[in-house]
Amino acid sequence: MRALPGGMARTLERAWSGWRPERATHGNVGRPFDLSYRVQQHWGAKVAFYLYLGGTGAGFVFCELLLRGWGIIDADTAAFGMWSGLALAVLSALAIFDHLGPVSRWSAYFAFRNLRRSWISRGVTMLFALLVLRLLLALPSLPGADGLPWAEGTPLGDALRVTVLAVALAFMIYTGLVISSWNAIAFWNTPLVPVLFTAFSLLGGLTALIGIAWISGGPVAAHTVYGFSSSTILVLFMTAAALLALYLYGMSTASRAARVSVGLLLHGALRTPFVGGVAAIGLVIPGLVFVASALGVIACSDATAPLFLGSVVAVQLGGYVLRDVILRAGVYGPPV
């Protein structure tokens, strides 16, 4: 295989990002070698956005298919969720495509060639497989397309949904594996990262499903979803918080580079987004709202819609900031 011809690549690049000002490279070009704990700058907000949307979207479709199979959500809510989730999945793919930059962007298809050795290749393949499978699931919801052989309730449709469940679970785990396999950064190089990202993906996906049910069917539909999944949501809140604490504790007793990363989150430049964005906004505040609802202190009604929907948004914000600060806290330990 050969890359795109130079003229075609330049034309596509001008159409994609020619309207934006040039940005300085985040690579090591022109930088002297040193032995300090340099913060990595290759993966930034766009990669965090991709990991968040990809993982949470996979968690969303995983929970949606389970609850639809158990009859908890209706067909309209499922269809609305499938199409909106598909749109967000495409947006996550565009974010990582844009992150590649003008040099590599138009040769991105080479990423599919190294499945045996590269987690990047495996992730790209799973992402596009999940996009195609979700599109197939959504097609029968279109007017006049309910006769497709993989429509809901058909043997082929059931097999397709089981396949999507498996791929979605694998992709949630992958969003953590792709950085935990990075040996040069001690803060990432632990099996706790895939587990932590999977827990936050499931939490974000399940709470987003409550928001989708509220938008498409009102408080009654949202209350039905929440009433069935409230215990699971509370368990996910506690699990995510416990895994995050365990992760930070483990890294605080690990290598010097890992301890530097923990210091950035707890005492350094990333303290505000971590403590305020992840701990407070992403976990504590919405967790208290859902606990109060489970105890009957807050009812699920039109009057409390802003509170519940705000909590759903807070969980999503916390999920994104978690990926962002973990990426930004990664430092290279010397001598790299």
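Note: hydrogens, waters and symmetry copies are ignored here, and every other heavy atom, side chains too, is used.
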According to salt bridge (charged side-chain N to carboxylate O under 4.0 Å, His left out), does anything in residues 305-319 pair up with another residue at least two apart or in another chain? List the pairs.
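Not a single pair qualifies under salt bridge (charged side-chain N to carboxylate O under 4.0 Å, His left out).
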
Going by salt bridge (charged side-chain N to carboxylate O under 4.0 Å, His left out), name the pairs with one or both residues in residues 60-88, residues two or more places apart or in two chains.
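Checked against salt bridge (charged side-chain N to carboxylate O under 4.0 Å, His left out) - neighbours excluded - the pairs reaching residues 60-88 are Arg68-Glu152.
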
Side-chain polar contacts of residues 218-238 - donor-acceptor pairs under 3.5 angstrom, sequence neighbours left out - could you list them?
residue	atom	partner	partner atom	Å
Thr224	OG1	Val220	O	2.9
Tyr226	OH	Phe290	O	2.8
Ser229	OG	Val225	O	2.7

Indicate the atoms forming the closest heavy-atom contact of [X] with [Y], along with that distance.
{"X": "Ala208", "Y": "Val312", "result": "CA-CG1, 4.0 Å"}
{"X": "Leu139", "Y": "Trp150", "result": "CD1-CZ2, 4.1 Å"}
{"X": "Ile179", "Y": "Trp188", "result": "O-CB, 3.3 Å"}
{"X": "Gly319", "Y": "Tyr52", "result": "C-CD1, 3.9 Å"}
{"X": "Gly330", "Y": "Ile185", "result": "CA-CG2, 3.6 Å"}
{"X": "Thr190", "Y": "Pro194", "result": "O-CD, 3.6 Å"}

Do any N or O atoms from the side chain of [X] and from the backbone of [Y] form a donor-acceptor pair under 3.5 angstrom?
{"X": "Thr175", "Y": "Leu51", "value": "no"}
{"X": "Trp182", "Y": "Phe187", "value": "no"}
{"X": "Gln40", "Y": "Leu327", "value": "yes"}

Can you pull out every side-chain hydrogen bond (donor to acceptor under 3.5 Å, both in side chains) where at least one residue sits in residues 195-220? Sequence neighbours excluded, please.
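Sorted result for residues 195-220: Thr77-Ser216, Ser201-Arg323, Thr207-Gln316.
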
Sequence neighbours left out, what pairs pass side-chain hydrogen bond (donor to acceptor under 3.5 Å, both in side chains) with at least one residue falling in residues 233-257?
none

Considering only heavy atoms from C-beta outward, does the side chain of [X] approach that of [Y] to under 4.5 Å?
{"X": "Leu322", "Y": "Leu244", "answer": "yes"}
{"X": "Leu196", "Y": "Ile326", "answer": "yes"}
{"X": "Leu206", "Y": "Leu202", "answer": "no"}
{"X": "Leu127", "Y": "Tyr50", "answer": "yes"}
{"X": "Phe197", "Y": "Ser180", "answer": "no"}
{"X": "Ile73", "Y": "Ile212", "answer": "no"}

Which side-chain N or O atoms in residues 156-166 pair as donor and acceptor under 3.5 Å with protein atoms at least two apart or in another chain?
residue	atom	partner	partner atom	Å
Arg161	NH1	Gly157	O	3.1
Thr163	OG1	Ala159	O	2.9

Do you reckon Ile298 sits in the same ILVMFWY cluster as Ile285, going by side-chain contacts under 4.5 Å, direct or chained?
no

Can you hop from Val313 to Val291 via hydrophobic side chains spaced under 4.5 Å?
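No, because Val313 and Val291 fall into different hydrophobic clusters, even though each may have its own neighbours under 4.5 Å.
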
Side chain to side chain contact (heavy atoms under 4.5 Å, CB included) involving Leu246 - partner list, sequence neighbours excluded
Leu192

Can you tell me how far the [atom1] atom of [X] sits from the [atom2] atom of [Y], to the nearest 0.5 Å?
{"X": "Ser293", "Y": "Leu295", "atom1": "OG", "atom2": "CG", "value": "8.5 Å"}
{"X": "Cys63", "Y": "Ile210", "atom1": "SG", "atom2": "CD1", "value": "9.5 Å"}
{"X": "Leu283", "Y": "Leu203", "atom1": "CG", "atom2": "CG", "value": "7.0 Å"}
{"X": "Phe60", "Y": "Leu65", "atom1": "CZ", "atom2": "CG", "value": "9.5 Å"}

Just to verify, what does Ser141 make a side chain to side chain donor-acceptor pair (under 3.5 Å) with, not counting sequence neighbours?
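Testing Ser141 for side chain to side chain donor-acceptor pair (under 3.5 Å), a comparison that skips the adjacent residues, returns Trp83.
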
Run the numbers on Val284 and Leu288 for side-chain contact (heavy atoms from CB on, under 4.5 Å), then give the verdict.
CA-CA 6 Å; Val284 175; Leu288 290 175; 4.1 Å; yes

Can you give the donor-acceptor pairs under 3.5 Å from side chains of residues 258-281 to other protein atoms, not counting sequence neighbours?
residue	atom	partner	partner atom	Å
Arg259	NH1	Ala254	O	2.6
Ser261	OG	Ala257	O	3.4
Ser261	OG	Ala329	O	2.6
Arg271	NE	Leu266	O	3.0

Which residues pass the ring-ring contact (aromatic ring centres under 6.0 Å, His included) test with Phe171, sequence neighbours left out?
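Phe171 satisfies ring-ring contact (aromatic ring centres under 6.0 Å, His included) with Tyr174 once adjacent residues are dropped.
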
